[in-house]
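Atoms within a ligand are numbered from 1 in the order they appear, just like the ligands themselves.
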Amino acid sequence: MQPDVKTAWLSILTNVLLVMIKALLAAATGSLAIKADAVHSLTDVLSSFAILLGIKISKRRTRAFPYGLYKLENLVALGTSLLIFLAGYEIIKDVFANASPLVAGQMPLAVGGIALTIIITWLFSRYELKKGEETGSPSLVADARHIWTDMLSSLVILLSLLGNMIGFALDRYAALIVVAFIGRTALLIALDAVRVLLDASLDPESLESIRRIVTNDPHVVTINQLRARNAGRYKFVELDLTLRVKELEKGHRISEEIKRSIKAELQHVDHVQIHYEPQQKDHFIVAMPLSADRRTLSEHFGEAPFFRMVTLLARTGDVTLDAVTANPFCDEEKAKGIKVANWLLTQGVDSLLVREQLAGKGPGYVLGNAEVTIEVTRQSDAEVALSNLRESGSQES
Ligand SMILES: [Zn+2]
């Protein structure tokens with residue numbers, strides 16, 4: 001048995017034990033508050049069963065339900081919350097109908113019994129929180145927190161019993177407080193279930209981490225659309241991306257990598273669907289490292305004092321922009337090649353015309369990874385090298 005399934009079963013057994021203790025105490029004392037608490041623990045048993053049911057059958061896909069039965073868990077949760085509301089209503093009716101005094105002789109037993117349930121609840125919530133954090137199961141952590149708030153309502157009952165022993169008839173007020181706890185739980189469960197059933201978006205934190213993972217990839221130009229939803233405990237993500245790629249094959253590889261990172265970083269991601277299109281360019285930019293005379297192609301890359309950037313129309317090859325810029329990293333001590341390469345990427349450079357072979361070097365790797373083509377030429381005159389490049393480009397097309 002998986003550790004999280006085992007802990008879920010232990011949670012059920014603990015709650016069954018609590019139901020039995022509380023039901024016996026309620027019968028012995030006639031306390032409505034304890035009765036309400038017993039009903040509460042019973043509804044907890046039901047919702048824990050809903051969680052287990054979700055784990056067991058939600059992964060099944062059939063011909064009639066090709067997207068899986070994930071939402072069955074939410075549907076069961078919604079049903080459970082309705083049951084809880086109903087139970088709360090019955091107890092409130094009792095509070096206003098027949099509030100007979102508690103059986104005085106049973107008070108020591110009741111105080112002892114409720115104290116015992118408080119200790120059991122406290123110990124189990126600590127154990128479940130630890131297991132939940134170990135196995136990384138959000139539903140176990142949530143259940144542990146829930147059981148801890150259950151302890152608070154038992155504390156209220158303990159106080160009212162002690163008050164009863166010294167002559168204050170607090171039971172019906174304690175019962176109302178316990179019902180308020182029940183109502184709050186039921187409302188939270190119901191709201192969460194309805195949100196998921198209506199395909200509400202994933203929580204903002206998860207969306208933000210997905211956005212961060214995707215934009216961390218240097219090939220991603222823009223996220224055109226990001227949609228994600230829950231079904232049961234699972235997350236479904238849809239992405240529409242523009243990628244800086246020339247070949248479809250590479251786009252496929254990149255989107256597989258993005259899928260892997262999303263599934264590695266977020267829990268319970270069932271499916272990531274990525275639609276991508278290569279970036280459509282109406283112009284492209286050629287960069288050339290220049291020597292101090294601003295005309296000769298530099299024999300170096302990182303150390304070149306100037307860079308000439310020429311913008312060409314993709315359709316005709318006409319020059320639309322031609323500018324020489326000082327290399328901002330020329331005097332840099334360390335890794336200037338890499339810094340220059342990254343700077344060229346921010347300038348939107350598509351190809352680089354150089355005399356120095358960059359393959360196997362840091363800058364070559366940075367540029368190649370971002371799909372910048374590196375043309376190595378023997379020509380030292382920048383103008384001639386550029387027109388050679390433009391001619392070879394027009395022959396290709
Ligand atoms: Zn509870």
Side-chain angles (χ1 to χ4, degrees), residues 4-26 31-55 73-74 76-92 94-95 110 113-133 137-161 171 173-194 233:
D4 56 340
V5 176
K6 194 177 137 204
T7 310
W9 273 110
L10 267 178
S11 167
I12 292 179
L13 287 180
T14 306
N15 274 317
V16 168
L17 182 68
L18 291 174
V19 172
M20 291 195 302
I21 296 174
K22 289 169 184 173
L24 285 174
L25 291 176
S31 163
L32 284 175
I34 300 180
K35 187 176 164 192
D37 209 25
V39 169
H40 176 129
S41 294
L42 183 64
T43 56
D44 283 350
V45 172
L46 291 180
S47 47
S48 300
F49 268 120
I51 291 175
L52 274 179
L53 185 78
I55 294 174
E73 184 182 347
N74 305 106
V76 172
L78 188 62
T80 310
S81 72
L82 294 180
L83 273 183
I84 303 175
F85 276 127
L86 202 67
Y89 171 73
E90 287 297 325
I91 292 163
I92 288 179
D94 275 358
V95 167
I114 291 299
L116 177 67
T117 65
I118 290 174
I119 292 170
I120 293 175
T121 316
W122 184 70
L123 287 177
F124 186 76
S125 88
R126 283 188 37 153
Y127 167 80
E128 188 174 35
L129 188 66
K130 199 171 132 256
K131 285 286 157 196
E133 279 166 358
S137 158
S139 60
L140 284 187
V141 171
D143 195 49
R145 297 240 161 82
H146 170 107
I147 288 184
W148 196 81
T149 58
D150 286 358
M151 193 181 74
L152 298 181
S153 73
S154 296
L155 270 175
V156 170
I157 297 172
L158 187 66
L159 288 178
S160 93
L161 289 173
D171 188 58
Y173 305 106
L176 288 178
I177 294 175
V178 175
V179 170
F181 270 102
I182 301 180
R184 183 177 167 273
T185 309
L187 193 66
L188 291 179
I189 295 176
L191 285 179
D192 192 51
V194 169
R233 71 196 56 240

Got a list of side-chain donor-acceptor pairs under 3.5 Å for residues 152-159, not counting sequence neighbours?
from, atom 1, to, atom 2, distance (Å)
Ser153, OG, Asp37, OD1, 3.4
Ser153, OG, Asp150, O, 3.0
Ser154, OG, Asp37, OD2, 3.0

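- Taken from CG in Leu17 to CZ in Phe124, the straight-line distance is 11.0 Å, to the nearest 0.5 Å.
- Partners of Ser31 under the side chain to side chain donor-acceptor pair (under 3.5 Å) rule, at least two apart in sequence or in another chain, are Asp171.
- The Zn ion (ligand 1) has His40 NE2, Asp44 OD1, Asp44 OD2, His146 NE2, Asp150 OD1, Asp150 OD2 as protein N, O or S atoms under 2.8 Å away.
- Side chains of Tyr127 and Leu10 form a contact here, defined as non-hydrogen atoms less than 4.5 Å apart.
- Scanning for side-chain contact (heavy atoms from CB on, under 4.5 Å) contacts around Leu42 gives Val19, with sequence neighbours left out.
- Using a 4.5 Å heavy-atom cutoff, the side chains of Ser41 and Lys22 are in contact.
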